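A quick note: this is a predicted structure, and the numbers were derived from the prediction, not measured. Every number for a ligand or one of its atoms is a count from 1 in the order of the listing.
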Amino acid sequence: MNVPKVTPVIHPRIKDFLSDSTTVDLLINTYNSPVNMLFPELAAENCTQFQEYFRNSKLNGSIFYAHKANRSYGLLQEIARTGVGIEVSSIEELHNALEAQVPNEKIIANGPKNSSYLQKAIQNGCFICTDSISELKEILNTPGKHKILLRFSNFFDPETPMRSLQSRFGIPYENANDVCKLIVENQEKIDTLGLSFHIDSTSDGEKRIALQSLLRLIIKWKTEGIDVQAINIGGGYRINYIEDKKQWEYLLSVIQSSVISGDPYLWNNHSFGYYIANGRIRGEGSFYPYYTPVTGTNHLDTILTASLPEISTSAKQLIQDLMLEILIEPGRALLDQVGITLMNISQVEKKQDYYKIILDGNYKHITADQDILVDPVLITKDKRKSSPSACFLFGNLCLENDVIFRRQLLLPFEPKKDDIFAFINTAAYKMDFSESKFIHHTLPQRLLVKTMSDQYTITPDLEKTYDL
Ligand SMILES: Cc1ncc(COP(=O)(O)O)c(C=O)c1O
């Protein structure tokens, strides 16, 4: 078995940045390892693509960046400058959006809310995406007129023998009649009304069922005289991390055969979410589909143009016919290629079949407990002759499970202490999703990289704090 190589997609601007190994080394020496680099201009380019999609498709669409995907304030500011709104999930995120001068009609307050978060969102006239019927009642009991997005979940399509996983968020779809009654009784307290879902899955099938269910409800409610103006279809637009489909297919085949054979290619028989039944591999794997040909706005279009059997047209057509505003909440798709994480090698030890590499950083700096199925790039200060080298990467925590990749990587040359790994495309849910101060490690620095007449300017990201 040849150890698979999985080459990441790298934006030309990031390739160019990484080609200067002296600067990369200087950054590690100045800010310590690991260091997170963000390229806000690339986020702005992603925003433009979504804006153009809505413009060209004649949909009345609005985009809300899911702030939870990355903690950076500088990134949020740049995204807000493009005119894209912000979807927030906590009072601190809401403060960030307000501080960045995002207008109230461009903020969606989502997620579970304590009273101060809910009241702050109401006072500022944001869209409130309701997490429960009791939250809806609390909103309706607060004086004033409110912008309400009724978040539904647990959709069921009798025609499709598939049920989405139960969600803890939103109002179960089967309670729609109770909600309808509340809305009818309180119409004068509502400024804008929309129906909403977010499916936390990469399955298009589940999104289609949710979309069909909400459109069905909107038609019913409109005929009953309820003025529904918007539909919010959440986030989940895929991005592609891997250059070559063949590399991805080979990787999956090697992982699967190694799970069956117990090959030491995998660390401690890690299963990647597969299991064996009757000697055969089963399951879909518990990882993000790192290679995917349909991404971003194309993925959004696939969801919107699929024909919905019950409605016998596409969601896109029906949304136009019903003159609904469509809202989306992309996180990952707006951060495609926007960030990289640099980590120094602090120790290298040659074992019989592989190099054991210890990094000055750990699995929480890249993601937590999720397998990353794309390789990092090795950056060296000296020129080295090609010498393909298999290795395992471990982190700097005193935890057995601090294994950054539970599969061997194939490096182009022999690794050495103080070489640097660049992990690519880490802005969304990777670089800061699980960072912690465990064993008193300091949190990594986030740096913003901007281009100015062919030069890079690098500034520390601001961490805003608020008196709550
Ligand atoms: C309510 C909601 N909206 C939007 C998103 C963004 O999803 P994605 O980053 O996959 O686009 C999330 C992510 O968890 C979410 O919970």
Side-chain angles (χ1 to χ4, degrees), residues 42-43 46-47 49-50 53 61-72 75-76 79 84-90 92-94 96-97 106-113 117-118 121 126-132 135 148-155 164-171 194-204 206-207 210-211 214 230-241 287-290 292 294-304 326-339 367-368 370 425-434:
L42 299 184
N46 294 335
C47 291
Q49 279 185 18
F50 274 89
Y53 171 77
S62 298
I63 305 151
F64 295 79
Y65 161 58
H67 185 9
K68 62 179 80 66
N70 192 290
R71 284 181 36 206
S72 165
L75 200 51
L76 176 107
I79 288 173
V84 158
I86 311 291
E87 184 255 350
V88 300
S89 299
S90 66
E92 290 84 355
E93 287 193 354
L94 174 55
N96 273 350
K106 288 193 173 174
I107 301 176
I108 295 177
N110 219 329
K113 302 168 199 73
Y117 173 30
L118 182 62
C126 308
F127 277 107
I128 319 279
C129 207
T130 56
D131 199 37
S132 63
E135 188 183 291
I148 296 175
L149 298 171
L150 297 166
R151 179 168 176 181
F152 284 100
S153 59
N154 300 338
F155 301 98
S164 323
L165 280 179
Q166 220 187 130
S167 171
R168 50 159 288 202
F169 297 110
I171 302 165
L195 303 196
S196 179
F197 70 82
H198 168 76
I199 302 287
D200 184 18
S201 145
T202 48
S203 152
D204 286 358
E206 287 183 43
K207 289 196 181 87
L211 198 48
L214 283 198
I231 182 163
N232 174 17
I233 67 166
Y237 313 104
R238 285 195 286 262
I239 68 177
N240 181 34
Y241 292 85
F287 41 80
Y288 188 82
Y290 277 82
T292 178
V294 182
T295 61
T297 52
N298 289 331
H299 186 210
L300 171 62
D301 193 57
T302 308
I303 295 165
L304 291 178
I326 174 169
L327 319 183
I328 58 168
E329 303 169 343
R332 191 185 295 269
L334 294 187
L335 299 192
D336 189 16
Q337 291 294 331
V338 169
T367 185
Q370 281 181 4
N425 219 346
T426 57
Y429 305 110
K430 288 191 166 42
M431 62 169 62
D432 62 18
F433 191 67
S434 310

Q. Looking at Y288, is R238 sitting on its ring face, NZ or CZ under 6.0 Å from the six-membered ring centre and within 45 degrees of the normal?
A. no
Pairs under 3.5 angstrom, nitrogen or oxygen on both sides, ligand 1 versus protein: list them out, please.
from, atom 1, to, atom 2, distance (Å)
ligand 1, 3 (N), E329, OE1, 2.6
ligand 1, 9 (O), G331, N, 3.4
ligand 1, 9 (O), R332, N, 2.9
ligand 1, 9 (O), Y429, OH, 2.5
ligand 1, 10 (O), G236, N, 3.3
ligand 1, 11 (O), G236, N, 2.8
ligand 1, 11 (O), G331, N, 2.9

Q: Identify whether the distance between the nearest side-chain nitrogen and carboxylate oxygen of E87 and K68 falls below 4.0 Å.
A: yes
Q: Examine the side chains of E329 and N110 and answer whether a donor and an acceptor come within less than 3.5 Å of each other.
A: yes
(Q) Run the side-chain hydrogen bond (donor to acceptor under 3.5 Å, both in side chains) test on N232 and H198 for me, step by step, so that the C-alpha distance in whole Å, both residues' side-chain angles and the decisive distance to 0.1 Å come before the verdict. (A) CA-CA 8 Å; N232 174 17; H198 168 76; over 6 Å; no
Q.
I'd like to check the side-chain contact (heavy atoms from CB on, under 4.5 Å) partners of K106; sequence neighbours left out, ordered by chain and number.
A. V102, P103
Q) Which atoms form the tightest heavy-atom contact between G111 and K113, and what is the distance? A) O-NZ, 2.8 Å
